[in-house]
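All values derive from a computational prediction rather than experimental measurement. Throughout, a chain's letter reflects where its sequence line sits, starting with A, and its residues are numbered from 1.
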Amino acid sequence: MKSTQRSSGKPASKSTSLLTADQRKELLSYMLMAREFDTAMLRLYRQGKAFGGVYSQLGNEAVSVGSAYALDRDRDVLFPMHRNIGSHFVFGQDLDQLMVNHLAREGSQMRGTDGTGHYADPARRIYGNVSHLGAMIPVAAGFSLADQLRGITTVSLTFIGDGGAQVGEVHEALNFASVHKIPLILIIENNQYAYSTPNSLEFACERLSDRALGYGMYGTTIDGTDVELVYATCLEAVERARRGEGPSLIETRTMRMRGHAEHDDFSYVPKDLLEEWATKDPVETYITRIVRDGVMTADEVKALRETTLATMIASIDRALERAWPAPEEGFKNVFMSI
Amino acid sequence: MKSTQRSSGKPASKSTSLLTADQRKELLSYMLMAREFDTAMLRLYRQGKAFGGVYSQLGNEAVSVGSAYALDRDRDVLFPMHRNIGSHFVFGQDLDQLMVNHLAREGSQMRGTDGTGHYADPARRIYGNVSHLGAMIPVAAGFSLADQLRGITTVSLTFIGDGGAQVGEVHEALNFASVHKIPLILIIENNQYAYSTPNSLEFACERLSDRALGYGMYGTTIDGTDVELVYATCLEAVERARRGEGPSLIETRTMRMRGHAEHDDFSYVPKDLLEEWATKDPVETYITRIVRDGVMTADEVKALRETTLATMIASIDRALERAWPAPEEGFKNVFMSI
Amino acid sequence: MQMTYLEAIADAMRHEMRRDDNVFMIGEDIGTYGGAFKVTKGFLDEFGAKRIIDAPISEAAIIGSAIGASLNGMRPIVEMQFMDFITNGFNQVVTVAGTTAYRWGLPVPMVVRGPSGGGVGGNPFHSRNSEAWFAHATGLKVVCPAFPDDAKGLMIASIRDNDPVMFFEHKGLYRKIKGEVPEGEHIVPLGQARVVRKGTHCSVIAYGSAVHMALAAAEALASEGIDIEVVDIRTLVPFDQETVFESVRKTGRALVAHEAVLTAGFGGEIAARIADIAFQYLDAPVRRVAAFDSPTPFAPTLEQAVLPNAEKIQAAVRELCNF
Amino acid sequence: MQMTYLEAIADAMRHEMRRDDNVFMIGEDIGTYGGAFKVTKGFLDEFGAKRIIDAPISEAAIIGSAIGASLNGMRPIVEMQFMDFITNGFNQVVTVAGTTAYRWGLPVPMVVRGPSGGGVGGNPFHSRNSEAWFAHATGLKVVCPAFPDDAKGLMIASIRDNDPVMFFEHKGLYRKIKGEVPEGEHIVPLGQARVVRKGTHCSVIAYGSAVHMALAAAEALASEGIDIEVVDIRTLVPFDQETVFESVRKTGRALVAHEAVLTAGFGGEIAARIADIAFQYLDAPVRRVAAFDSPTPFAPTLEQAVLPNAEKIQAAVRELCNF
Ligand SMILES: Cc1ncc(C[n+]2csc(CCOP(=O)(O)OP(=O)(O)O)c2C)c(N)n1
Ligand SMILES: Cc1ncc(C[n+]2csc(CCOP(=O)(O)OP(=O)(O)O)c2C)c(N)n1
Ligand SMILES: [Mg+2]
Ligand SMILES: [Mg+2]
């Protein structure tokens, strides 16, 4: 009766698509938004205008987008991490609002108290994260638990890195979620590195999804560069969750194609590793597939991409025109009521 | 090359003994010490003379004794938990000293600052525990790590309950130990309950040793009522550790035959469960075996048992004659130097 | 109605659970067993396993999931089997719960409660008074009741509060202190100190178990002609500076007492505030009586030596009055 | 030799690692990468992977294993990538490390060090000043250097100390503060405050980044004819009461300053001690300047508003001097 399943070792792959042409277009558009958001932020960093760390998701777009796309954004809930901007877009986050939040300008949903992807937008069912890795996993589980007590199934989707997966709270949260059959999906984004630390110094198991067995939950390891595979795997996880079968642990294999944040030259990453993974770029491979399957033409994609980048840059520029939040904001809201 | 191994599900069992008759006698004598220590403490509790919680190990003797017996007490190191008095005896702890420590009287190695099995006796390579479950597992790993840095293999043996295994620090410690191939043996003493909480509310996996896979370490689940099986399993773990193959996770299945501590009437435990496990009493079954194999006669065992109990009671009485430690001790030693 | 401190706490939680479906409890052994101290005895029968959740030994997951549930409209009450184990869920409390209102403008109406304090042979790991950590952590309310009626009234206020509340019950008071407690709805607002004994010569500002030490000291001192005022601050955060100020202005002398260890304890905060705002009214130094800076030892001889008590308060008051 | 604050810390650790094989380091990204702030740059090459251990992201396992190693004769130095993450290893520090000497009479000669503090746009999770938690925990020494020479001398003393030491480096000072640092062996004993500026009108007692704010305030105040004395307490535990007392006795006025949030901060402890032992020498209230009781916000406008600075110290000193 246990939904436990050992992962196959070799990442699975599907050749035919579950998705309609429109859905595939949509997926690509989110992937491009994620990608060009990064391009625009990188540009800002180089201009010395970024504030705080700039954490690229280059190489991870398929995970953020494919997973969030499997959820019902009117019912389910998203707890994204630092490399999941793609999922914010899928959940309908307004671009200008996102930029203002990210850059902590006046009008930010965090009033300048925090920035980057840390914000919550309850109206869009997005809750943010804190810097402490792993801390939000029990919180995501608890969010779903509340609805479970009300007899409602609300799937929580959240993420952790190959590095963050070693935090004790991850263990407690997964075990707790499995005991209570909480509809939680945890994606372990194994992008080979945690800051400068390679997988070999982080854990000694073959697959991080092997941990699912120890919690009596479903676990699998998949190729994280294939957006439709991520989507299909998460969709199954959502369905299991809706059937009351509890949480799923999905390890996605990708490569962090840039430094931990932009200040990091990532010289500790072997060049051939980057070259190898460059051929598996999730955006480029998906474009190839989309074009091959006749969903869009190469020119259409190119145009979409250019528009997307221009939109990102324009939105950033609008955010930058805004002032920093007023100093008084710093003294407000420590408590809801006092 | 991984030493990971799935446990067989059904607890293994060995019929022939690895041990000499003298060794088997010794094992039995430690088991009886553990058992009669409990009998004597229970008596004290009923007399209202015990101080602090009285945590019985009834049903767990084979685990404490068999595991510690597999270590080399001149080289290895023991980090016992609250139901492991048997292992203290195996490591040569002086009985009177143990009682004085336990009952926190004048002359205690803890000077009255703490009591029960919490003390450390470095000369006997015993380090105690703290109440916070799981907290000493990384400490035990670190103790061995220090020797590893010096090129010496020192096996650390430590324990956690089926309940305590859900603490985040357990996860961090096991993962850390496996990455660094630290010679650590962790026994998860699954005695079906954590205080009043049954296994079903504690975890959802089939075997707690299934967690070994997620750390890339050896794991197995065994019958914890069979002292020679526990010994043999731990001996293999010690040998793996000495070969540099890192930590092992061993789940022992037993039943907590009394309440969490003596104040607890354990009415939440189904009577038939207790009856079922009563037939598997580790001490009684070992006596049967020892007698059957002609190692000792039933009368010899009976005599040994009576002497053991008398010795325990006498030692407790000597400890109780001692005064409480002097109040000034409370103000000393917060720092080693100030 | 006469109730013990423990019964008053249970009464408050039962009252709120009956009143509001969003209130639920989570902790270790709180269901079938009714909690290590039997505070939730009978709760499982009345409210069922969905609202009385027996959780695995995972303090971080327990607190974290309560935070998540509170973000989703619930009002969880978390029981720590002993408040000492909060160190295992510390990150959830200070990093997540204590910063959420500030960052997100969202309420985390969670109560984390449990037995704290020493004096009962608990050992170093079952006796800690850790309230000052949370007072220093931002965004957390901190409550330390001393009497049954306050325990009830403050618990109801805490459950209804929209901020995370750390609710420190003193295990030594659970069954020792009995008192009249209003039936049904009874609210003591957070942030209001209470003068529990009027006096003129010296103010003793205390909370939790130390209030009872101060009251015992007051009796003894009265026979010597020293008449002290005892202020029970009840909630550390928010702190009722006014009531403390009024008392010290009147008496001109201030002794601060708590059971927690002295250094960097909340007594330092109180004494510092008095030394600032009431300076010109002070006729003597501001002094503190607190535990010696050590873990709480196990043996009764040692434990009694390091913990504060009525005699230590008496001695300190005498010194201040003779200053 | 002129060194930055960061170089002085690295110099101290290098010195001790060369001198004593039992000293080793463990932390996240301290090897190949040389640490998030590059404090251990070059250490891996010099000392090898056995003594510079790049650990998984597991603060409890990192600290716990360091405790275990120290029980077995080593002198580990633990780097927290940011001191904020100590909340994940909090239980190991306060429950295990801080109680071992008392319980077992065994030394835990471990240093837990890392960047703390704000003012650099770190966000609420990369800016916390948490030293007061540890000062209130028993059995832990707490060090907060403000200058390169002290950073080196206190680090060497901490590594050689037989008790667990929490060593708070202020990340804003890492590259900002440069000064003369003795080469080779240089020890500043724990528990000794230092008068870093002599003055007569008011004592400002501070530590860490606040010492620099106080010195800046002193310059500004000097031009108004107010001559303040600045006492850098350097180690919170053990606390050098004598030096503080001497200064306040002389000036008759005391302002306590730190970057940590006000409530239940270590400033409360200092102010309380002054209000007790130096009461009869005080000509004015004891006042504190500290951060507003909120998480440290991200946007520079907000962060500057809530954190203390030289101007706030100046204003407070002026008030005290006009009292
Ligand atoms: C508990 C905790 N410890 C340390 C850090 C510092 N830190 C931030 S990101 C990071 C590396 C994270 O690696 P990984 O989890 O693999 O995620 P990735 O950045 O690769 O996506 C570290 C060590 C942290 N944020 N939280
Ligand atoms: C971190 C922590 N949380 C809670 C407790 C309180 N507590 C002490 S023993 C216990 C039950 C332990 O059960 P288990 O680990 O199965 O060991 P057993 O007593 O059954 O041998 C609990 C909840 C604790 N000691 N530490
Ligand atoms: Mg990674
Ligand atoms: Mg158990």
Side-chain angles (χ1 to χ4, degrees), chain A residues 77 79 108-115 118-122 125 127-132 134-152 154 156 158 167-180 182 184 329-338, chain C residues 21-22 24 26 48-51 53-76 78 88-89 91-92 94-110 138-141 160-165 189-191 237-239:
Chain A
V77 66
F79 283 82
S108 159
Q109 290 177 296
M110 301 182 82
R111 305 173 299 110
T113 61
D114 204 351
H118 285 189
Y119 65 90
D121 190 343
R125 306 187 67 74
Y127 291 81
N129 60 314
V130 300
S131 300
H132 291 57
M136 293 305 286
I137 304 175
V139 178
F143 195 98
S144 289
L145 175 70
D147 279 333
Q148 198 176 51
L149 302 180
R150 299 178 180 119
I152 302 168
T154 299
S156 281
T158 189
V167 172
E169 289 172 334
V170 180
H171 167 72
E172 295 196 2
L174 288 179
N175 182 64
F176 179 81
S178 191
V179 168
H180 289 280
I182 293 176
L184 175 78
E329 295 296 336
F331 301 103
K332 292 183 194 157
N333 248 41
V334 175
F335 293 100
M336 297 302 293
S337 58
I338 196 94
Chain C
D21 281 347
N22 291 319
F24 75 98
I26 182 164
K50 279 201 162 186
R51 296 181 69 198
I53 302 179
D54 261 338
I57 305 175
S58 297
E59 282 77 9
I62 291 171
I63 298 170
S65 62
I67 295 170
S70 71
L71 285 171
N72 195 359
M74 305 295 279
R75 296 190 166 274
V78 174
N88 283 45
N91 185 52
Q92 287 294 328
V94 304
T95 303
V96 186
T99 66
T100 300
Y102 193 64
R103 292 179 294 118
W104 293 349
L106 297 177
V108 175
M110 166 181 72
T138 81
L140 304 168
K141 291 176 177 167
R160 297 192 193 175
D161 201 275
N162 276 334
D163 291 303
V165 178
L190 305 189
V237 181
F239 181 67

[atom1]/[X] to [atom2]/[Y] distance, rounded to the nearest 0.5 angstrom?
X	Y	atom1	atom2	answer
Ser65(C)	Leu184(A)	OG	CG	11.0 Å
Ser108(A)	Arg103(C)	OG	CZ	12.0 Å
Gln92(C)	His132(A)	CD	NE2	10.0 Å

Heavy-atom proximity to chain C below 4.5 Å, by part of Ala135(A):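 Both backbone and side chain.
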Under 4.5 Å from a heavy atom of chain C, the part of His171(A) involved: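 No part of His171(A) comes within 4.5 Å of chain C.
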Expected output: side-chain [X] to main-chain [Y] donor-acceptor under 3.5 Å:
X	Y	result
Trp104(C)	His118(A)	yes
Arg111(A)	Tyr102(C)	yes
Glu172(A)	Ala60(C)	yes

Shortest non-hydrogen separation from Pro138(A) to Ala61(C) and the atoms involved: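 Pro138(A) and Ala61(C) have their closest heavy atoms at CB-CA, 3.9 Å.
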Heavy-atom closest contact (Ala101(C) atom, Met336(A) atom, distance):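 Ala101(C) and Met336(A) have their closest heavy atoms at CB-SD, 3.7 Å.
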Enumerate, atom names and distances included, each donor-acceptor pair closer than 3.5 Å involving a side-chain atom of residues 66-73 of chain C, sequence neighbours excluded.
| residue | atom | partner | partner atom | Å |
| --- | --- | --- | --- | --- |
| Ser70(C) | OG | Ala66(C) | O | 3.4 |
| Ser70(C) | OG | Ile67(C) | O | 2.8 |
| Asn72(C) | OD1 | Arg150(A) | NH1 | 3.4 |
| Asn72(C) | ND2 | Phe143(A) | O | 2.8 |
| Asn72(C) | ND2 | Asp147(A) | OD1 | 3.4 |
| Asn72(C) | ND2 | Asp147(A) | OD2 | 3.0 |

Relative to chain C, which of [options] shows the most heavy atom pairs under 4.5 Å?
options	answer
Gly128(A), Ser156(A), Pro122(A), Ser131(A)	Gly128(A)
Ala173(A), Ser337(A), Ala141(A)	Ser337(A)
Thr154(A), Asp121(A), Val139(A)	Val139(A)
Asp114(A), Leu149(A), Val179(A)	Leu149(A)

Tell me, out of [options], who's got the most heavy-atom pairs with chain A below 4.5 Å.
options	value
Ala55(C), Ser58(C), Pro238(C), Pro109(C)	Ser58(C)
Thr95(C), Ile62(C), Asn22(C), Leu190(C)	Thr95(C)
Asn91(C), Asn162(C), Thr138(C)	Asn91(C)
Leu140(C), Ile57(C), Val108(C), Thr100(C)	Leu140(C)
Gly105(C), Gly89(C), Pro164(C), Pro76(C)	Gly105(C)

When you compare the side chain of [Y] with that of [X], does any pair of heavy atoms fall below 4.5 Å?
X	Y	result
Asn175(A)	Pro56(C)	yes
Ile26(C)	Phe176(A)	yes
Tyr127(A)	Leu106(C)	yes
Leu145(A)	Ile53(C)	yes

